[in-house]
*Asks:* 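Take this structure, written in C-alpha coordinates, and hold onto it; I'll ask about it next.
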Amino acid sequence: MADLGTTYLGLRLKNPLVASSSPMTESLEKIQRLEDASVAAVVLPSIFEEQLTLELEALDRDLHRGGESFAESLSYFPAYEDYRQGQDVYLAQIQRAKAACSIPVLASLNGATVRGWVRFAKEIEQAGADAIELNTYSLATGFTDTSAMIEKGIVQLVRQVKEATGIPVAVKLSPQYTSIPHLAMELDRAGADGLVLFNRFYQPDFDIESLDVVPKLTLSRPEELLLRLHWVAILYGDVRADLAVTGGVHSAEDVLKSVMAGAQIGMMASALLAKGAPYVKTVLDDLVRWMEEHEYVSIQQMRGSLSRRAVPDPSAFERGNYIKTLSSYTMRQTVL
Ligand SMILES: Cc1cc2nc3c(=O)[nH]c(=O)nc-3n(C[C@H](O)[C@H](O)[C@H](O)COP(=O)(O)O)c2cc1C
(Lines give C-alpha, C1' and ligand atoms only; values in the text may rest on other atoms or scores of the structure.)
Protein backbone atom coordinates (compact mmCIF):
# COMPACT_ATOMS: atom_id res chain seq x y z
CA MET A 1 0.00 0.00 0.00
CA ALA A 2 1.13 3.57 -0.67
CA ASP A 3 2.99 5.13 2.25
CA LEU A 4 0.83 7.98 3.58
CA GLY A 5 3.29 8.90 6.33
CA THR A 6 4.47 12.48 6.69
CA THR A 7 6.02 14.74 9.29
CA TYR A 8 4.74 18.05 10.62
CA LEU A 9 6.53 20.27 13.16
CA GLY A 10 8.93 17.43 13.81
CA LEU A 11 6.05 15.07 14.65
CA ARG A 12 5.61 11.82 12.77
CA LEU A 13 2.12 11.58 11.32
CA LYS A 14 0.57 8.46 9.84
CA ASN A 15 -1.05 10.45 7.02
CA PRO A 16 -1.36 14.07 5.85
CA LEU A 17 -4.95 14.70 7.06
CA VAL A 18 -5.30 16.74 10.26
CA ALA A 19 -8.50 17.97 11.93
CA SER A 20 -8.07 21.71 12.33
CA SER A 21 -9.31 23.78 15.22
CA SER A 22 -13.14 23.72 15.35
CA PRO A 23 -16.00 22.29 17.40
CA MET A 24 -15.06 18.89 15.85
CA THR A 25 -12.25 18.67 18.41
CA GLU A 26 -13.99 20.27 21.39
CA SER A 27 -14.55 17.09 23.43
CA LEU A 28 -12.67 13.88 24.10
CA GLU A 29 -15.49 11.88 22.58
CA LYS A 30 -15.27 13.82 19.32
CA ILE A 31 -11.48 13.55 19.20
CA GLN A 32 -11.72 9.80 19.72
CA ARG A 33 -14.19 9.53 16.84
CA LEU A 34 -11.69 11.32 14.62
CA GLU A 35 -8.89 9.08 15.81
CA ASP A 36 -11.04 5.99 15.12
CA ALA A 37 -11.46 7.27 11.56
CA SER A 38 -7.63 7.50 11.32
CA VAL A 39 -7.11 11.25 11.40
CA ALA A 40 -3.38 11.96 11.79
CA ALA A 41 -3.60 14.67 14.49
CA VAL A 42 -6.05 17.16 15.97
CA VAL A 43 -5.88 20.86 16.77
CA LEU A 44 -8.07 21.83 19.71
CA PRO A 45 -10.44 24.82 19.53
CA SER A 46 -8.60 28.02 20.39
CA ILE A 47 -8.36 29.55 23.76
CA PHE A 48 -8.55 33.32 23.41
CA GLU A 49 -5.98 35.78 24.58
CA GLU A 50 -8.79 37.62 26.34
CA GLN A 51 -9.59 34.49 28.34
CA LEU A 52 -6.02 34.38 29.53
CA THR A 53 -6.06 37.82 31.01
CA LEU A 54 -9.21 36.90 32.88
CA GLU A 55 -10.15 40.52 33.11
CA LEU A 56 -13.84 40.19 32.78
CA GLU A 57 -14.40 43.89 32.60
CA ALA A 58 -11.89 44.17 29.80
CA LEU A 59 -13.53 41.24 28.07
CA ASP A 60 -16.87 42.95 28.32
CA ARG A 61 -15.38 46.16 26.98
CA ASP A 62 -13.82 44.32 24.06
CA LEU A 63 -17.04 42.54 23.27
CA HIS A 64 -18.92 45.78 22.99
CA ARG A 65 -16.28 47.79 21.24
CA GLY A 66 -17.26 47.53 17.60
CA GLY A 67 -14.51 47.08 15.06
CA GLU A 68 -11.80 45.90 17.42
CA SER A 69 -9.98 42.72 16.61
CA PHE A 70 -11.48 40.60 19.34
CA ALA A 71 -15.03 41.54 18.46
CA GLU A 72 -14.27 40.48 14.90
CA SER A 73 -12.64 37.24 15.92
CA LEU A 74 -15.77 36.33 17.84
CA SER A 75 -17.44 35.56 14.57
CA TYR A 76 -15.76 32.19 14.99
CA PHE A 77 -18.13 31.64 17.84
CA PRO A 78 -21.80 32.28 17.11
CA ALA A 79 -22.54 31.54 20.76
CA TYR A 80 -19.32 32.56 22.36
CA GLU A 81 -20.54 31.76 25.87
CA ASP A 82 -21.05 28.14 24.84
CA TYR A 83 -17.43 27.83 23.96
CA ARG A 84 -15.86 29.83 26.73
CA GLN A 85 -13.45 27.66 28.57
CA GLY A 86 -11.31 28.69 31.48
CA GLN A 87 -7.61 28.10 31.41
CA ASP A 88 -7.82 25.09 33.72
CA VAL A 89 -10.55 23.51 31.67
CA TYR A 90 -8.39 23.96 28.58
CA LEU A 91 -5.33 22.42 30.20
CA ALA A 92 -7.39 19.52 31.56
CA GLN A 93 -8.75 18.94 28.05
CA ILE A 94 -5.20 18.63 26.70
CA GLN A 95 -4.29 16.18 29.48
CA ARG A 96 -7.39 14.06 28.90
CA ALA A 97 -6.88 13.96 25.14
CA LYS A 98 -3.22 13.02 25.52
CA ALA A 99 -4.02 10.28 28.04
CA ALA A 100 -6.77 8.75 25.91
CA CYS A 101 -5.44 9.11 22.36
CA SER A 102 -2.26 8.10 20.60
CA ILE A 103 -2.34 10.78 17.89
CA PRO A 104 -0.63 14.17 18.38
CA VAL A 105 -2.76 16.85 20.03
CA LEU A 106 -2.05 20.48 19.19
CA ALA A 107 -3.28 23.32 21.36
CA SER A 108 -4.42 26.58 19.79
CA LEU A 109 -4.04 30.13 21.08
CA ASN A 110 -5.97 32.93 19.40
CA GLY A 111 -4.90 36.50 19.78
CA ALA A 112 -2.87 39.35 18.48
CA THR A 113 -0.65 40.55 21.31
CA VAL A 114 1.78 39.07 23.81
CA ARG A 115 -0.67 39.51 26.73
CA GLY A 116 -0.67 36.38 28.83
CA TRP A 117 0.36 34.06 26.03
CA VAL A 118 3.89 33.32 27.02
CA ARG A 119 2.99 32.08 30.50
CA PHE A 120 0.10 30.06 29.18
CA ALA A 121 2.20 28.56 26.40
CA LYS A 122 4.42 27.05 29.11
CA GLU A 123 1.41 25.58 30.86
CA ILE A 124 0.22 24.10 27.59
CA GLU A 125 3.57 22.40 27.20
CA GLN A 126 3.40 21.05 30.76
CA ALA A 127 -0.12 19.73 30.10
CA GLY A 128 1.40 17.55 27.39
CA ALA A 129 0.38 19.19 24.10
CA ASP A 130 2.55 18.08 21.21
CA ALA A 131 2.68 21.57 19.70
CA ILE A 132 1.04 24.99 19.79
CA GLU A 133 -0.76 26.67 16.94
CA LEU A 134 -0.84 30.45 17.31
CA ASN A 135 -3.85 31.85 15.55
CA THR A 136 -2.82 35.44 14.90
CA TYR A 137 -6.21 36.85 14.08
CA SER A 138 -5.78 40.59 14.08
CA LEU A 139 -7.55 43.22 12.07
CA ALA A 140 -6.01 46.58 11.35
CA THR A 141 -8.90 48.87 12.15
CA GLY A 142 -6.86 51.74 13.56
CA PHE A 143 -5.86 54.41 11.07
CA THR A 144 -2.41 54.74 12.53
CA ASP A 145 -1.60 51.00 12.51
CA THR A 146 0.92 50.35 9.76
CA SER A 147 1.48 46.97 8.14
CA ALA A 148 5.03 46.98 9.43
CA MET A 149 3.88 47.52 13.03
CA ILE A 150 1.36 44.70 12.88
CA GLU A 151 3.79 42.27 11.29
CA LYS A 152 6.50 43.17 13.77
CA GLY A 153 4.06 42.43 16.60
CA ILE A 154 3.34 38.94 15.24
CA VAL A 155 7.01 38.18 14.73
CA GLN A 156 7.83 39.32 18.30
CA LEU A 157 5.02 37.21 19.65
CA VAL A 158 6.34 34.13 17.90
CA ARG A 159 9.86 34.81 19.11
CA GLN A 160 8.68 35.12 22.72
CA VAL A 161 6.50 32.02 22.64
CA LYS A 162 9.38 30.08 21.08
CA GLU A 163 11.75 31.26 23.80
CA ALA A 164 9.26 30.28 26.50
CA THR A 165 8.49 26.75 25.34
CA GLY A 166 10.27 23.67 24.13
CA ILE A 167 7.44 22.37 21.98
CA PRO A 168 7.01 23.24 18.30
CA VAL A 169 5.05 26.36 17.39
CA ALA A 170 3.01 26.80 14.22
CA VAL A 171 1.61 30.17 13.16
CA LYS A 172 -1.80 30.39 11.54
CA LEU A 173 -1.91 33.42 9.29
CA SER A 174 -4.51 35.48 7.56
CA PRO A 175 -4.03 35.94 3.79
CA GLN A 176 -4.33 39.70 4.13
CA TYR A 177 -0.74 40.84 4.17
CA THR A 178 0.88 42.87 1.44
CA SER A 179 3.88 40.55 1.21
CA ILE A 180 3.25 37.01 2.40
CA PRO A 181 6.79 35.84 1.42
CA HIS A 182 8.43 38.58 3.49
CA LEU A 183 6.31 37.87 6.55
CA ALA A 184 6.87 34.12 6.12
CA MET A 185 10.62 34.68 6.01
CA GLU A 186 10.52 36.86 9.15
CA LEU A 187 8.49 34.24 11.01
CA ASP A 188 10.91 31.61 9.83
CA ARG A 189 13.78 33.62 11.30
CA ALA A 190 11.83 34.06 14.55
CA GLY A 191 11.79 30.27 14.87
CA ALA A 192 8.28 29.34 13.72
CA ASP A 193 8.22 25.59 13.11
CA GLY A 194 5.21 25.75 10.84
CA LEU A 195 3.05 28.18 8.88
CA VAL A 196 -0.64 27.42 8.55
CA LEU A 197 -2.19 29.08 5.51
CA PHE A 198 -4.78 30.60 5.92
CA ASN A 199 -7.31 31.77 8.45
CA ARG A 200 -10.68 32.51 6.92
CA PHE A 201 -11.77 36.12 7.13
CA TYR A 202 -15.17 36.22 8.77
CA GLN A 203 -17.06 39.31 7.83
CA PRO A 204 -20.18 40.38 9.67
CA ASP A 205 -23.36 40.73 7.62
CA PHE A 206 -25.89 43.57 7.69
CA ASP A 207 -29.45 42.96 8.83
CA ILE A 208 -31.24 45.73 6.98
CA GLU A 209 -34.53 45.15 8.82
CA SER A 210 -33.17 45.49 12.34
CA LEU A 211 -30.36 47.81 11.21
CA ASP A 212 -27.90 45.59 12.93
CA VAL A 213 -24.46 44.23 12.08
CA VAL A 214 -24.54 40.51 12.75
CA PRO A 215 -21.78 37.88 12.96
CA LYS A 216 -21.96 35.39 10.12
CA LEU A 217 -20.18 32.09 9.82
CA THR A 218 -20.59 29.95 6.75
CA LEU A 219 -18.64 26.77 6.17
CA SER A 220 -15.91 26.97 3.54
CA ARG A 221 -16.22 26.02 -0.14
CA PRO A 222 -13.59 23.97 -2.02
CA GLU A 223 -12.77 26.97 -4.26
CA GLU A 224 -11.15 28.63 -1.25
CA LEU A 225 -8.33 26.13 -1.57
CA LEU A 226 -6.84 27.89 -4.60
CA LEU A 227 -5.61 30.90 -2.61
CA ARG A 228 -3.81 28.53 -0.21
CA LEU A 229 -2.29 26.43 -2.99
CA HIS A 230 -0.96 29.55 -4.63
CA TRP A 231 0.93 30.79 -1.58
CA VAL A 232 2.15 27.40 -0.41
CA ALA A 233 3.49 26.75 -3.92
CA ILE A 234 5.36 30.06 -3.77
CA LEU A 235 6.79 29.57 -0.26
CA TYR A 236 7.76 25.92 -0.69
CA GLY A 237 11.52 25.43 -0.76
CA ASP A 238 12.28 28.96 0.44
CA VAL A 239 11.08 28.74 4.03
CA ARG A 240 12.41 26.28 6.56
CA ALA A 241 9.09 26.09 8.44
CA ASP A 242 6.70 23.29 7.55
CA LEU A 243 3.69 24.42 5.54
CA ALA A 244 0.10 23.42 6.27
CA VAL A 245 -3.02 24.17 4.25
CA THR A 246 -6.26 25.10 5.97
CA GLY A 247 -9.25 26.46 4.09
CA GLY A 248 -11.14 24.65 1.36
CA VAL A 249 -9.72 21.15 1.92
CA HIS A 250 -12.84 19.05 1.27
CA SER A 251 -11.64 15.89 -0.50
CA ALA A 252 -8.69 13.57 -1.15
CA GLU A 253 -7.96 15.53 -4.30
CA ASP A 254 -7.65 18.68 -2.18
CA VAL A 255 -5.18 16.96 0.15
CA LEU A 256 -3.17 15.78 -2.87
CA LYS A 257 -3.11 19.30 -4.32
CA SER A 258 -1.96 20.70 -0.96
CA VAL A 259 0.94 18.22 -0.82
CA MET A 260 1.86 18.84 -4.45
CA ALA A 261 1.94 22.58 -3.72
CA GLY A 262 4.44 21.78 -0.95
CA ALA A 263 2.41 21.29 2.24
CA GLN A 264 3.24 18.69 4.86
CA ILE A 265 -0.44 18.33 5.72
CA GLY A 266 -3.95 19.35 4.69
CA MET A 267 -6.28 20.39 7.47
CA MET A 268 -10.06 20.00 7.54
CA ALA A 269 -12.80 21.67 9.53
CA SER A 270 -15.84 22.52 7.38
CA ALA A 271 -16.02 19.19 5.54
CA LEU A 272 -15.83 17.32 8.84
CA LEU A 273 -18.44 19.56 10.44
CA ALA A 274 -20.73 18.91 7.47
CA LYS A 275 -20.07 15.18 7.01
CA GLY A 276 -18.93 13.93 10.41
CA ALA A 277 -15.80 12.20 11.67
CA PRO A 278 -16.17 9.02 9.53
CA TYR A 279 -15.56 11.19 6.45
CA VAL A 280 -11.84 11.10 7.37
CA LYS A 281 -11.78 7.44 6.39
CA THR A 282 -13.48 8.13 3.05
CA VAL A 283 -10.87 10.78 2.24
CA LEU A 284 -7.98 8.51 3.20
CA ASP A 285 -9.37 5.58 1.17
CA ASP A 286 -9.74 7.89 -1.85
CA LEU A 287 -6.20 9.13 -1.29
CA VAL A 288 -4.73 5.63 -1.33
CA ARG A 289 -6.80 4.64 -4.37
CA TRP A 290 -5.65 7.68 -6.32
CA MET A 291 -1.99 7.17 -5.38
CA GLU A 292 -2.09 3.52 -6.39
CA GLU A 293 -3.83 4.24 -9.67
CA HIS A 294 -1.15 6.82 -10.44
CA GLU A 295 1.70 4.64 -9.16
CA TYR A 296 2.86 6.93 -6.37
CA VAL A 297 4.49 4.98 -3.58
CA SER A 298 4.57 7.73 -0.95
CA ILE A 299 3.27 11.15 -0.02
CA GLN A 300 6.84 12.37 0.18
CA GLN A 301 7.36 11.51 -3.48
CA MET A 302 4.77 14.03 -4.65
CA ARG A 303 5.53 16.87 -2.23
CA GLY A 304 6.19 20.17 -3.97
CA SER A 305 5.80 18.70 -7.46
CA LEU A 306 3.51 21.59 -8.39
CA SER A 307 5.37 24.26 -6.44
CA ARG A 308 6.72 27.35 -8.13
CA ARG A 309 10.21 25.85 -8.07
CA ALA A 310 9.10 22.62 -9.73
CA VAL A 311 6.74 23.65 -12.50
CA PRO A 312 8.21 24.36 -15.95
CA ASP A 313 6.39 27.71 -16.16
CA PRO A 314 6.60 29.57 -12.81
CA SER A 315 4.82 32.55 -14.35
CA ALA A 316 1.65 30.59 -13.57
CA PHE A 317 2.12 31.89 -10.01
CA GLU A 318 3.13 35.39 -10.99
CA ARG A 319 1.69 38.44 -12.66
CA GLY A 320 1.74 36.80 -16.07
CA ASN A 321 -0.98 34.45 -14.90
CA TYR A 322 -3.34 37.38 -14.42
CA ILE A 323 -3.11 38.32 -18.06
CA LYS A 324 -3.36 34.70 -19.21
CA THR A 325 -6.40 34.09 -17.03
CA LEU A 326 -8.23 37.11 -18.34
CA SER A 327 -7.43 36.35 -21.97
CA SER A 328 -8.41 32.67 -21.61
CA TYR A 329 -11.86 33.81 -20.58
CA THR A 330 -12.20 36.12 -23.58
CA MET A 331 -11.21 33.28 -25.93
CA ARG A 332 -13.83 31.00 -24.42
CA GLN A 333 -16.47 33.67 -24.90
CA THR A 334 -15.47 34.05 -28.56
CA VAL A 335 -15.89 30.31 -29.19
CA LEU A 336 -19.36 30.44 -27.65
C1 LIG B 1 -17.30 26.60 13.60
C2 LIG B 1 -15.85 26.86 13.42
C3 LIG B 1 -15.05 27.14 14.53
C4 LIG B 1 -13.69 27.41 14.37
N5 LIG B 1 -12.93 27.67 15.47
C6 LIG B 1 -11.61 27.94 15.31
C7 LIG B 1 -10.78 28.19 16.41
O8 LIG B 1 -11.20 28.15 17.58
N9 LIG B 1 -9.47 28.48 16.18
C10 LIG B 1 -8.93 28.49 14.94
O11 LIG B 1 -7.73 28.73 14.78
N12 LIG B 1 -9.69 28.24 13.85
C13 LIG B 1 -11.00 27.97 14.02
N14 LIG B 1 -11.77 27.72 12.92
C15 LIG B 1 -11.14 27.75 11.58
C16 LIG B 1 -10.75 26.35 11.11
O17 LIG B 1 -9.78 25.75 11.94
C18 LIG B 1 -10.20 26.37 9.68
O19 LIG B 1 -8.95 27.02 9.66
C20 LIG B 1 -11.11 27.09 8.69
O21 LIG B 1 -12.46 26.74 8.90
C22 LIG B 1 -10.73 26.73 7.25
O23 LIG B 1 -10.76 25.34 7.05
P24 LIG B 1 -12.00 24.58 6.35
O25 LIG B 1 -12.14 25.12 4.99
O26 LIG B 1 -11.61 23.14 6.40
O27 LIG B 1 -13.21 24.88 7.20
C28 LIG B 1 -13.11 27.41 13.07
C29 LIG B 1 -13.92 27.09 11.96
C30 LIG B 1 -15.26 26.82 12.12
C31 LIG B 1 -16.08 26.48 10.90
Side-chain angles (χ1 to χ4, degrees), residues 8 16-27 30-31 34 39-52 69-70 72-85 89-90 93-94 105-112 117 124 129 131-139 154 157 161 169-176 194-203 215-229 231-232 243-255 257-258 263 265-277 279-280 283:
Y8 178 55
L17 184 57
V18 170
S20 74
S21 183
S22 87
M24 280 308 286
T25 59
E26 73 189 350
S27 69
K30 289 184 175 181
I31 295 171
L34 289 165
V39 84
V42 293
V43 186
L44 300 181
S46 299
I47 184 159
F48 284 77
E49 172 185 312
E50 287 75 1
Q51 288 169 270
L52 303 182
S69 63
F70 179 51
E72 296 294 340
S73 69
L74 283 179
S75 51
Y76 273 144
F77 295 95
Y80 177 67
E81 299 301 326
D82 294 345
Y83 284 93
R84 183 138 44 131
Q85 303 169 72
V89 176
Y90 199 79
Q93 173 75 343
I94 296 171
V105 174
L106 284 70
S108 167
L109 292 172
N110 178 308
W117 284 36
I124 282 180
I132 297 178
E133 187 176 278
L134 294 179
N135 181 345
T136 57
Y137 198 104
S138 79
L139 281 182
I154 294 173
L157 172 65
V161 174
V169 175
V171 187
K172 189 167 181 177
L173 289 173
S174 131
Q176 285 161 330
L195 300 176
V196 184
L197 310 184
F198 287 118
N199 256 328
R200 292 177 75 222
F201 178 42
Y202 295 107
Q203 299 120 97
K216 184 163 185 193
L217 191 151
T218 48
L219 296 180
S220 73
R221 287 169 290 107
E223 301 86 90
E224 294 177 38
L225 182 68
L226 301 187
L227 176 74
R228 281 80 185 168
L229 296 179
W231 287 109
V232 168
L243 300 169
V245 166
T246 178
V249 177
H250 282 242
S251 65
E253 194 182 336
D254 296 339
V255 177
K257 287 179 181 175
S258 302
I265 56 165
M267 292 180 152
M268 247 185 207
S270 292
L272 296 178
L273 287 164
K275 296 181 179 163
Y279 184 59
V280 169
V283 173

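If you're wondering where the values come from, they're calculated on a predicted model, not measured in any experiment. First listed ligand is number 1; within each ligand, the first listed atom is number 1.
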*Asks:* Okay, side chain of Lys30, backbone of Pro23: is any donor-acceptor separation there less than 3.5 Å?
*Replies:*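 Such a contact is found between Lys30 side chain and Pro23 backbone.
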*Asks:* Where does Met268 meet ligand 1, judged by heavy-atom distances below 4.0 Å: at the side chain, the backbone, both, or neither?
*Replies:*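 It is the backbone that touches ligand 1; the side chain stays farther off.
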*Asks:* Give a yes or no answer on whether the side chain of Glu133 reaches the backbone of Ala131 with a donor-acceptor pair at less than 3.5 Å.
*Replies:*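 No; judged by distance alone, with no hydrogens or angles, the pair does not exist.
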*Asks:* Could you tell me whether the side chain of Thr25 reaches within less than 4.5 Å of the side chain of Pro45, counting heavy atoms only?
*Replies:*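 Yes, their side chains come closer than 4.5 Å.
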*Asks:* Can you check whether His250 has an N/O within less than 3.5 Å of an N/O in ligand 1?
*Replies:*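 So ligand 1 has no N or O lying under 3.5 Å from an N or O of His250.
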*Asks:* Taking the non-hydrogen atoms of Ala271, is any one of them nearer than 4.0 angstrom to ligand 1?
*Replies:*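 It does not; every heavy atom stays at 4.0 Å or beyond.
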*Asks:* Looking only at N/O atoms, are Ser270 and ligand 1 under 3.5 Å apart anywhere?
*Replies:*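 So ligand 1 has an N or O lying under 3.5 Å from an N or O of Ser270.
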*Asks:* Just by distance, do the side chain of Arg200 and the backbone of Leu217 share a donor-acceptor pair under 3.5 Å?
*Replies:*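 No, the answer is negative, given that no donor and acceptor are paired below the 3.5 Å cut-off.
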*Asks:* So, regarding Gly247 and ligand 1 (criterion: nitrogen or oxygen to nitrogen or oxygen, under 3.5 Å), is there a contact or not?
*Replies:*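 Yes, Gly247 has an N/O under 3.5 Å of an N/O on ligand 1.
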*Asks:* Restricting to side-chain contact (heavy atoms from CB on, under 4.5 Å), what partner residues turn up for Ala244, sequence neighbours left out?
*Replies:*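 side-chain contact (heavy atoms from CB on, under 4.5 Å) list for Ala244, sorted by chain: Tyr8, Val196, Ile265.
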*Asks:* Which is closest to atom 24 (P) of ligand 1 in terms of heavy atoms, Ser220, Ser108, Ala19?
*Replies:*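 Nearest option to atom 24 (P) of ligand 1, by heavy atoms: Ser220.
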*Asks:* Please list, in number order, the atoms of ligand 1 under 4.0 Å from a heavy atom of Asn135.
*Replies:*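 With Asn135 as reference, the close atoms of ligand 1 come out as 9 (N), 10 (C), 11 (O), 12 (N).
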*Asks:* Of all the atoms in ligand 1, which lie at a distance below 4.0 Å from a heavy atom belonging to Thr246?
*Replies:*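 Every atom of ligand 1 under 4.0 Å from some heavy atom of Thr246: 18 (C), 19 (O), 20 (C), 22 (C), 23 (O).
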*Asks:* Have a look at ligand 1 and work out which part of Leu273, if any, has a heavy atom under 4.0 Å from it: side chain, backbone, both or neither.
*Replies:*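 Contact part for Leu273 vs ligand 1: side chain (C-beta onward).
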*Asks:* To which of Arg200, Glu133, Lys172 does the heavy atom nearest atom 15 (C) of ligand 1 belong?
*Replies:*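 Considering heavy atoms of Arg200, Glu133, Lys172, the nearest to atom 15 (C) of ligand 1 sits in Lys172.
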*Asks:* If every non-hydrogen atom of Phe198 is compared with every non-hydrogen atom of Arg228, which pair is closest and at what distance?
*Replies:*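 Scanning both residues completely, I find the closest heavy atoms to be O-NH2, 3.2 Å.
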*Asks:* Would you say that Ile124 contacts Leu109 through its side chain, given a criterion of any heavy-atom pair below 4.5 Å between the two side chains?
*Replies:*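 Side-chain contact under 4.5 Å: yes.
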*Asks:* Give a yes or no answer on whether the side chain of Ser258 reaches the backbone of Asp254 with a donor-acceptor pair at less than 3.5 Å.
*Replies:*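 Confirmed, Ser258 side chain pairs with Asp254 backbone.
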*Asks:* Considering Phe48, Tyr202, Phe198, which one's heavy-atom position lies nearest to atom 30 (C) of ligand 1?
*Replies:*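 Answer by nearest heavy atom: Tyr202.
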*Asks:* Pro23 heavy atoms, cut-off 4.0 Å: which ligand 1 atoms fall inside?
*Replies:*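 Near Pro23, the atoms of ligand 1 are 1 (C), 2 (C), 3 (C).
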